[in-house]
Protein chains: 2
Amino acid sequence: MNIAAQATTHHGIREAIRARIVGGEWDLGELIPGEAEFAAQYSCSRSTVNRALQALAHEGIVERKRKGGTRVRPLQLPQARLRIPIIREEVQSAGQTYSHRIMRRERQLPPGDVAQRMHLPDDHELIHLQTLHLAGGEPFAFERRWVDPVTVPDFEEADLTAISANEWLIRMVPFSRGEASLLAVSADAELAQMLKVAPGEALFTMERTTWFEERSVTFTRLHYAPGYRLNFSL
Amino acid sequence: MNIAAQATTHHGIREAIRARIVGGEWDLGELIPGEAEFAAQYSCSRSTVNRALQALAHEGIVERKRKGGTRVRPLQLPQARLRIPIIREEVQSAGQTYSHRIMRRERQLPPGDVAQRMHLPDDHELIHLQTLHLAGGEPFAFERRWVDPVTVPDFEEADLTAISANEWLIRMVPFSRGEASLLAVSADAELAQMLKVAPGEALFTMERTTWFEERSVTFTRLHYAPGYRLNFSL
DNA sequence: TGCGATATTATGTGCATACATAATCATGAA
DNA sequence: TTCATGATTATGTATGCACATAATATCGCA
């Protein structure tokens with residue numbers, strides 16, 4: 001019933017142990033054999049078993065404690081690696097031609113909730129950008145973005161016709177960390193007009209705030225046209 | 001500017017190198033020093049550097065190729081680890097009391113789209129369950145679930161008053177893999193009544209299909225009450 | 001010059017060993 | 001009995017070494 005009888009590679013052993021766990025050899029929360037025991041079973045060194053078990057712990061399959069041993073994780077909480085898609089790639093990989101139109105671009109005071117999410121004072125001016133993303137000429141998503149010109153001084157003169165603001169920022173300020181929320185909103189009049197849908201339509205929405213070393217970079221609110229799904233595997 | 005000057009532990013070195021990458025010491029796509037070079041710089045063994053760089057590669061910060069060396073990843077695509085919350089924990093961690101009411105429970109043929117998502121023929125009977133999840137007595141989310149009684153024969157007689165179907169299934173069929181989609185839907189009449197909102201309201205919705213070793217376990221469509229946000233960090 | 005064989009090189013991996021660290025268990029004194 | 005102390009034990013981690021593997025560079029020959 002083993003998935004495959006591999007050589008004594010660390011991920012061969014990882015898969016072997018995973019199969020035994022999934023196969024129900026041990027109950028949830030139960031202690032599984034120690035590294036030395038596995039090493040003997042698979043005739044490999046303890047280091048190799050260690051790497052295998054560490055990988056399983058990293059995945060959340062098992063929990064390990066010094067001296068406490070390794071046990072099957074009691075409640076297997078589903079988790080997934082979610083890739084935030086780049087809109088252009090998303091559209092193109094669906095076989096459609098991508099384009100975008102900048103509807104608005106100006107320097108202004110942000111609304112209170114935006115300033116709050118970016119951890120900025122109310123009187124801090126930001127660059128406000130509205131972009132309509134199109135797939136095959138049809139509205140795909142509408143984006144409202146605020147950028148902090150203090151953190152990204154070059155943004156104000158950036159040429160955003162060839163490359164979208166999102167990709168421009170990723171290129172200029174990589175390795176920024178951030179927070180994101182997913183939610184559903186009803187289309188207001190402006191959104192309805194932009195996306196060519198009826199007011200009140202349910203729109204899948206993603207908000208993102210990103211920082212680079214404690215300095216706010218950008219906040220975006222992205223509304224997808226109806227029918228959009230964000231898929232991932234768990 | 002170093003995060004911290006640790007000893008020569010593999011994750012000390014990992015963070016040191018990460019800081020140098022983030023600090024812009026090398027351009028995007030540029031080759032960074034080899035393992036031997038880093039080992040010399042930090043006076044540790046090549047194995048230790050190897051682990052550190054492998055971790056960074058796993059994170060997507062760098063790309064490694066045998067003989068090709070290690071280079072900073074050209075386009076840093078944002079990705080996140082999304083934890084699918086368990087509703088009870090979600091409600092309780094917000095300080096509210098959780099409860100649920102089973103509104104419906106019967107064996108029936110599923111709608112075509114459900115059968116399709118579970119990779120089942122149209123004439124395969126499933127257990128259909130409708131549950132209202134409440135936070136502090138108020139509707140929090142409404143769930144329609146289909147369970148395959150062939151894969152999970154015990155489910156039909158499961159006592160779902162103390163424990164929710166979701167947690168029951170996680171306990172009985174752990175380690176199942178699956179797919180999920182996030183989307184926005186407008187409340188139909190039934191949803192509006194269940195969640196006590198106006199028809200047409202935008203509802204954040206999660207669909208999940210899970211399998212255990214090629215056998216379908218369950219498909220759920222979960223509609224959250226308005227105002228819900230799924231938060232995560234990137 | 002063109003091309004295939006060979007050498008070189010950077011990462012990938014396994015192993016034996018040594019020591020570190022944290023939690024538990026056993027011991028013994030108050 | 002209770003509590004402090006030290007022994008025990010399982011995992012965590014670093015190291016030197018050997019060899020595997022893949023991609024590139026180089027060389028030699030036609």
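Every heavy atom of this structure was used, including side-chain atoms; hydrogens, water molecules and symmetry mates were not. First the proteins, then the strands, lettered A, B, ... as listed; each starts at 1.
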Does a side chain donor of either [X] or [Y] reach within less than 3.5 Å of an acceptor in the other side chain?
{"X": "A:Gln96", "Y": "A:Gln92", "result": "no"}
{"X": "A:His124", "Y": "A:Asp148", "result": "yes"}
{"X": "B:Glu90", "Y": "B:Tyr228", "result": "yes"}
{"X": "B:Thr220", "Y": "B:Arg145", "result": "no"}
{"X": "B:Arg177", "Y": "B:Thr210", "result": "no"}
{"X": "A:Asn166", "Y": "A:Ser164", "result": "no"}
{"X": "B:His223", "Y": "B:Thr205", "result": "yes"}

* Asked: Is there a donor-acceptor pair closer than 3.5 Å between any side-chain N or O of A:Arg71 and the backbone N or O of A:Gly29?
  -> yes
In whole angstroms, how far is the [atom2] atom of [N] from the [atom1] atom of [X]?
{"X": "B:Glu35", "N": "C:dT13", "atom1": "CD", "atom2": "P", "answer": "11 Å"}
{"X": "B:Ile13", "N": "D:dT15", "atom1": "CD1", "atom2": "P", "answer": "7 Å"}
{"X": "B:Glu37", "N": "C:dT9", "atom1": "CD", "atom2": "P", "answer": "15 Å"}
{"X": "B:His10", "N": "C:dA20", "atom1": "NE2", "atom2": "P", "answer": "17 Å"}

* Residues from residues 22-33 of chain A lying under 4.0 Å of DNA chain C - heavy atoms -> none
* Which parts of residues 49-68 of chain B get close to DNA chain C, meaning a heavy atom less than 4.0 angstrom away? ->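 Hits under 4.0 Å, by residue number: B:Asn50, B:Gln54, B:Arg64, B:Lys65, B:Arg66, B:Lys67.
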* Asked: Looking at B:Thr70, does any N or O in its side chain come under 4.0 Å of the phosphate oxygens OP1/OP2 on C:dA10?
  -> no
* Presence of A:Thr48 side-chain N/O under 4.0 Å of C:dT13 phosphate oxygens OP1/OP2 ->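 It does not, given that no N or O in the side chain of A:Thr48 lies less than 4.0 Å from OP1 or OP2 of C:dT13.
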* **B:Asp27 side chain reached by B:Val72 side chain, heavy atoms, under 4.5 Å** =>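 B:Val72 vs B:Asp27: side chains apart.
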* Contact check, side chains of B:Asn50 and B:Arg64, non-hydrogen atoms, under 4.5 Å -> yes
* Below 3.5 Å, does any donor atom in the side chain of B:Arg46 face an acceptor in the base of C:dG12, or the other way round? ->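 By the distance-only test, yes, there is a pair.
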* Do you know which two heavy atoms are closest between A:Glu63 and A:Pro74, and how far apart they sit? -> OE1-CD, 3.6 Å
* Asked: What's the closest nucleotide to the A:Thr9 side chain, out of C:dT13, D:dT13, D:dG16?
  ->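 My answer, after comparing the listed nucleotides, is C:dT13.
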* Structure fact -> Taking five pairs at each terminus, the helix from C:dT1-D:dA30 to C:dA30-D:dT1 shows an axis bend, to 10°, of 0°
